[in-house]
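Here, residue 1 is the first one in the sequence, and each next residue gets the next number.
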Amino acid sequence: QVQLVESGGGSVQAGGWRRLSCTASGDTYSNSRYCLTWFRRAPGKERVGVAGMRVANDPPYYHDSVKGRFTISQDSAKNSLYLQMNVLKPEDTAIYYCAAIPAIYCRGPLYEGEVRYWGQGTQVTVLS
């Protein structure tokens with residue numbers, strides 16, 4: 001089993017920033033077996049992948065809607081994942097989920113069906 005715990009959600013004014021964190025733990029978790037990613041579910045919409053670490057030397061994946069504003073990073077020694085969100089917009093309002101995907105799938109775009117483990121989610125609300 002793998003446990004994922006997110007933190008850092010809250011309310012912020014449009015144009016502001018927020019930094020989310022996720023810590024992975026569990027007997028079967030390792031950086032070589034899984035890549036960590038961020039998904040979000042906006043009100044009334046489906047959950048979509050917004051940013052994800054990839055395997056080997058592949059660059060991180062970003063959804064078009066967040067490119068240039070969000071930055072994903074990882075501290076492997078701490079089994080931690082971060083999402084720096086800048087220039088936030090009201091449409092970024094969502095529940096943000098940390099997700100672990102088996103390494104074999106860690107290339108290209110993010111697909112919900114490839115997620116093996118989910119965190120509980122953290123709410124981010126961007127006020128206009």
Side-chain angles (χ1 to χ4, degrees):
Q1 285 289 338
V2 173
Q3 292 80 44
L4 303 171
V5 179
E6 305 99 334
S7 62
S11 297
V12 61
Q13 293 289 333
W17 61 271
R18 202 79 191 179
R19 187 175 189 244
L20 304 182
S21 300
C22 169
T23 300
S25 62
D27 293 342
T28 59
Y29 177 78
S30 74
N31 294 324
S32 63
R33 297 186 63 180
Y34 296 95
C35 61
L36 297 179
T37 65
W38 291 101
F39 283 70
R40 71 183 181 188
R41 189 196 303 274
K45 297 187 177 180
E46 295 184 350
R47 187 157 47 185
V48 298
V50 294
M53 303 304 295
R54 308 285 78 195
V55 295
N57 294 319
D58 289 358
Y61 165 83
Y62 293 100
H63 191 273
D64 285 346
S65 64
V66 305
K67 283 182 180 177
R69 300 188 298 120
F70 289 13
T71 302
I72 189 172
S73 61
Q74 185 171 2
D75 184 336
S76 298
K78 296 181 180 179
N79 288 342
S80 293
L81 182 74
Y82 307 99
L83 186 66
Q84 178 67 39
M85 307 184 293
N86 297 329
V87 194
L88 283 163
K89 305 175 181 180
E91 51 264 42
D92 294 318
T93 294
I95 300 173
Y96 284 74
Y97 298 89
C98 180
I101 295 177
I104 190 173
Y105 300 120
C106 294
R107 288 188 181 275
L110 300 174
Y111 298 103
E112 187 174 359
E114 294 172 345
V115 174
R116 182 71 59 81
Y117 297 102
W118 294 98
Q120 82 285 355
T122 186
Q123 175 72 46
V124 174
T125 302
V126 183
L127 306 172
S128 58

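Other residues, nucleotides and ligands contribute over 12 non-hydrogen atoms within 6.0 Å of the CG atom of L127. In the displayed structure, Y82 atom OH is contacted under 6.0 Å by more than 12 heavy atoms of other residues, nucleotides or ligands.
Residues Q3 and D27 are not in side-chain contact: their nearest non-hydrogen atoms beyond the backbone lie 4.5 Å or more apart. Side-chain contact between T93 and Q123: present, with at least one pair of heavy atoms (C-beta onward) separated by less than 4.5 Å. A 4.5 Å side-chain heavy-atom check between E6 and Y96 finds every atom pair outside the cut-off. Here the side chains of R33 and P102 are not in contact, with every heavy-atom distance at 4.5 Å or above. T28 places a side-chain heavy atom less than 4.5 Å from the side chain of Y117. Using a 4.5 Å heavy-atom threshold, the side chains of P59 and M53 count as separate. Considering only heavy atoms from C-beta on, R18 comes within 4.5 Å of L88 through its side chain.
A single hydrophobic cluster is not seen to contain both Y61 and V50; linkage of ILVMFWY side chains at heavy-atom distances under 4.5 Å, directly or through other members, places them apart. Cluster membership check: I101 shares its hydrophobic cluster with I104, using side-chain heavy-atom separations under 4.5 Å among Ile, Leu, Val, Met, Phe, Trp and Tyr. F39 and L81 are assigned to two separate hydrophobic clusters, defined by single-linkage of ILVMFWY side chains at heavy-atom distances under 4.5 Å. Under the 4.5 Å side-chain heavy-atom criterion for ILVMFWY residues, no single connected hydrophobic cluster contains both I72 and W118.
C98 and L4 get closest at one heavy-atom pair: O-CD1, 3.6 Å. R54 and T37 make their closest contact through NH2-CG2, 3.9 Å (heavy atoms, listed as atom of the first residue, atom of the second, distance). Of all heavy-atom pairs between G49 and H63, the closest is O-CB, 3.5 Å.
A salt bridge is absent between D92 and K89; no separation between the charged side-chain nitrogens and carboxylate oxygens falls under 4.0 Å.
T122 places a side-chain N or O within donor-acceptor distance of the main-chain N or O of G9, the cut-off being under 3.5 Å.
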Given the rule in the side chain to side chain contact (heavy atoms under 4.5 Å, CB included) test, do R19 and M85 qualify, once you have shown the distances and angles that lead to the verdict? CA-CA 6 Å; R19 187 175 189 244; M85 307 184 293; over 6 Å; no

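The aromatic rings of Y34 and Y29 sit parallel, their planes meeting at an angle under 30°, below the 60° perpendicular limit.
The cationic group of R47 lies under 6.0 Å from the six-membered ring centre of Y97 and within 45° of the ring axis, placing it in a cation-pi geometry.
Each of L20, I95, L83 was evaluated against V124; a single residue qualifies, L20, per the side-chain contact (heavy atoms from CB on, under 4.5 Å) test.
Checked against a 6.0 Å centroid threshold, the rings of W38 and F70 do not count as neighbours.
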